[in-house]
Amino acid sequence: MNISKEKLETIVKLFPYPVYIWKNIEKELILLDYNKAAEDITNRKVRDILGIKASIFHKNQPEILRDLNHCINEKVKIFREMNYTFKTTGLEKILYVTYQPILSDLIMVITEDITEKKKAEQELKESEEVFRIMLEKSGIAIAALDLKGNFIMVNDITLKRSGYTREEFLQLNAADVALEVIPMEHKKRYWEKLAFGEHTKVIGMHKRKDGSTFPAETTLVKIKLQNQPIIAVFVRELTEYKEMLQESEISKELYQLISKNINDLISINDHEGRFLYCNEAYKKVLGYAPEELIGTVAFKYVHPEDINKVLHDFEKVKQKEFLKNEVRFKCRDGSYKWLEYNGRGIHDENNTFIKTIGISREITLRKEAEQKLKKSEKKYREAFNQAELYKDLFAHDINNILQVIMNSNDLSMIYLKDKENRKNIKKMLKIIDEQVKRGVNLISNIQILSKLDKKIKDLHPTEVLAVLKKIRKLILNSFPDKEISIKIRNPFGKIFVQADNLLREVFENILNNAIQHNVNPNIEIIIKISREHKKSINYYKIEFIDNGRGIPNDMKVKIFKRDYRKKYRGKRMGLGLSLVKKILEIYNGDIWVENNVKGDSSKGSNFIILIPESS
């Protein structure tokens, strides 16, 4: 039994990727049809090869002919990634190809262009190679650390200046060569939180193999190499800094000069948080003259939402931990600015905490940019999740449609051999026609819905009983060889909920599951409708009670998860029900499953959904 060319075109023409239909005629595969996407990618030249034999068109591509023949002969779905040159245009592309058997003599070939994706992967590989070249050929000392501080790469300049061999250096940890005040454990935690591409600078003393030391400025950048996070280290010796340390009086004067003119906020606070010293930057950045702050407690200027974080950090600094955090600080005009602060505690000879030294920098513009980025990321995630929903919905439902068509086709072939049953062929044709129309409507609806944002989705009053009756009729027609009873118990007459046309997908998925996982000769399903008030919201409660094999308790939650793909007694579960759950979440509703008979999971299931009542 064949579907007409016109109806088949209607199903595939709205696919976003190029689709080609091949038909098996006398053991030869003939190009029967294609969609608009295929026409576009070939500059409409595909029409010139319509009707061509696969053995001629792909005579120089035996792997394609092998896949086509395997697909049609074994009725299996095949996935393949390949380099392909379009004969119609000469363009070279990398394609992800899906061979899908449909009916007994047709193959649907879907081609997705992944050229740009592969190009990006190659560019990443090349960028890693550039990093390695820079590491070896650069004129400055460069190394790379893992997030535990162990050296994993080092260039020749570093080895020459440190006196180590490469084998010796790669056995070292950063703490072995960098004699800094910041403990290594703190560095590790800081590196883990550092954003990719973000850098920080540290000035301190470094140690050579012979024990001698030298001052250096170290720049650290967090990057990815071979998809693993590493810390790239760039070291510059500071000979002038060493001279400065040797001249203490000049060093002191220089410190005072820097403290007065630097834009960073420098402060010293006592053991209770009172300001003992503030530099002039507090006036430039926050509006306070230093004398206004001296003697006041720093905590009173902290934003109420950040105070617990600051108090927690203050307790940690007493334990000699180096601090780095972000906080909102009140300005003199009453507004708040974001500051990134670094601090450490000072302890006396008895190890008693006496004060803190802190350096802060205004990061208000950066935080505002981060917040805007988070909002855009959230919108992207919502759009991505919505697209995933529609993709899964389409794949799941189109598979059901094709299955019904194939079943109807198989029954028709049986009826053709039996004169007494030939009258049933008309019924099978009607079922096939309904499924084709259903496929067309599914594609059209998903195209429209995929353009809508989840938050502004047009939910409207939807009459439940009408939708249930249509789905009941569709289900009964889809399983003509089964004895099925679907009864609806509704004491309210017409009932309306806040939903849209995806509600039919909810009901259809639940009923399909109830039938497909029921091995009884007489399948009985009762749909019971009631009201429920929960968390100040009025819901309609719709229960789907079946006499099937039931669902084990350990599976009752798993089947609603999108990544649950396990088979249950020979049939897959989870995908359709996860889509149902996603749709109900859009409606602000819910779904769960209980046993039909309390305490016995083998006596059927009761799928319960809640949907808000339309006001």
Margin query: Using a 6.0 Å cut-off, check whether atom NZ of Lys430 has over 12 heavy atoms from anything other than its own residue.
Written below: no
Checklist line | Side-chain donor or acceptor of Lys222 paired with backbone N/O of Pro229 under 3.5 Å | finding: no
Notebook entry, point to check: Taking side chain as C-beta onward, heavy atoms only, is Gln498 less than 4.5 Å from Asn588?
Noted result: no
Check: What pair of heavy atoms forms the shortest contact from Ser55 to Glu28, and how long is it?
Finding: OG-OE1, 3.3 Å
Note to self: Looking at Ser602, is its backbone amide N or carbonyl O close enough to the side chain of Asp600 to form a donor-acceptor pair, meaning the two atoms are under 3.5 Å apart?
What the structure shows: yes
Margin query: Any side-chain to backbone donor/acceptor pair from Tyr99 onto Arg80? Under 3.5 Å, distance only.
Written below: no
Next item on the list: Write down the atom of Ser601, the atom of Asn595, and the distance for their closest heavy-atom approach.
Entry: CA-OD1, 3.3 Å
Notebook entry, point to check: Taking atom OH of Tyr34 and atom CD1 of Ile41, what is their separation to the nearest 0.5 Å?
Noted result: 14.5 Å
Notebook entry, point to check: Stepwise, does the side chain to side chain contact (heavy atoms under 4.5 Å, CB included) test hold for Phe544 with Asn513?
Noted result: CA-CA 11 Å; Phe544 295 80; Asn513 257 338; over 6 Å; no
Margin query: So which atom in Ser530 and which in Phe492 form the shortest heavy-atom distance, rounded to 0.1 Å?
Written below: CA-CE1, 3.7 Å
Check: Under 4.5 Å between any side-chain heavy atoms of Glu613 and Tyr540, yes or no?
Finding: yes
Check: Taking side chain as C-beta onward, heavy atoms only, is Trp592 less than 4.5 Å from Lys556?
Finding: no
Checklist line | Value rounded to 0.5 Å, distance of CD1 in Ile608 from CD1 in Ile545 | finding: 8.0 Å
Check: Between Ile525 and Ala514, which heavy-atom pair has the shortest distance, and what is it?
Finding: CD1-CB, 3.7 Å
Checklist line | Atom pair CG/CD of Asn509 and Glu505 - distance to nearest 0.5 Å | finding: 6.5 Å
Margin query: Contact between Leu31 and Trp22 at the side-chain level, heavy atoms closer than 4.5 Å - yes or no?
Written below: yes
Checklist line | Tyr84 and Gln61, any side-chain heavy atoms less than 4.5 Å apart | finding: yes
Check: Any donor-acceptor pair under 3.5 Å linking the side chain of Asn409 with the backbone of Ile405?
Finding: no
Item checked: Nearest-0.5 Å distance that lies between atom NE2 in His70 and atom CD1 in Ile107 -> 11.0 Å
Notebook entry, point to check: Under 4.0 Å between a Lys/Arg side-chain N and an Asp/Glu carboxylate O for Lys118 and Glu81?
Noted result: yes
Check: Aromatic rings Tyr96 and Phe79: how do their planes relate, parallel, tilted or perpendicular, breaks at 30° and 60°?
Finding: parallel
Next item on the list: Indicate yes or no for a side-chain donor-acceptor contact from Glu463 to the backbone of Leu465 under 3.5 Å, with no hydrogens or angles considered.
Entry: yes
Checklist line | Heavy-atom check, side chain of Leu474 versus side chain of Arg504, under 4.5 Å | finding: yes
Note to self: Against Asn606, only a single residue in Glu594, Lys528, Glu543 fulfils side chain to side chain donor-acceptor pair (under 3.5 Å); can you say which?
What the structure shows: Glu543
Next item on the list: Just do the side chain to side chain contact (heavy atoms under 4.5 Å, CB included) check on Asn518 and Asn547 with the steps written out, would you?
Entry: CA-CA 7 Å; Asn518 194 325; Asn547 66 334; 2.9 Å; yes
Checklist line | Sidechain-backbone polar pair: Asp105 side chain, Asn24 backbone, donor-acceptor under 3.5 Å | finding: no
Notebook entry, point to check: Is there a side-chain contact between Ile484 and Phe479, using heavy atoms and a 4.5 Å cut-off?
Noted result: yes
Note to self: Walk me through whether Leu468 and Ile529 qualify under side chain to side chain contact (heavy atoms under 4.5 Å, CB included).
What the structure shows: CA-CA 11 Å; Leu468 275 173; Ile529 302 174; 4.1 Å; yes
Next item on the list: Quick one: pull up CG in Leu29 and NE2 in His58 and give me the separation to the nearest 0.5 Å.
Entry: 9.5 Å
Next item on the list: Give a yes or no on whether Glu483 atom CD has more than 12 heavy-atom contacts from other residues, nucleotides or ligands under 6.0 Å away.
Entry: no
Item checked: Trace of the side chain to side chain contact (heavy atoms under 4.5 Å, CB included) decision for Lys581 with Leu577 -> CA-CA 6 Å; Lys581 187 170 182 65; Leu577 292 176; over 6 Å; no
Item checked: Pair Asn35-Tyr17, side-chain donor/acceptor within less than 3.5 Å -> no
Next item on the list: Indicate whether any N or O donor in one side chain lies under 3.5 Å from an N or O acceptor in the other, for Tyr539 and Arg531.
Entry: no
Next item on the list: Any chance you could measure Asn69, atom CG, to Ile64, atom CD1, to the nearest 0.5 Å?
Entry: 12.0 Å
Item checked: Thr98 to Lys77 - nearest heavy-atom pair and separation -> CG2-CE, 3.6 Å
Check: Does Lys367 pair with Glu370 as a salt bridge, N-O distance under 4.0 Å?
Finding: yes
Next item on the list: Work out which heavy atom in Pro101 is nearest to a heavy atom in Val76; give both atom names and the distance.
Entry: CD-O, 3.5 Å
Note to self: Is it the case that over 12 heavy atoms from other parts of the model lie below 6.0 angstrom from the CD atom of Glu92?
What the structure shows: no
Item checked: Test item: Val497 and Leu503 side chains (from C-beta on) under 4.5 Å apart, heavy atoms -> yes
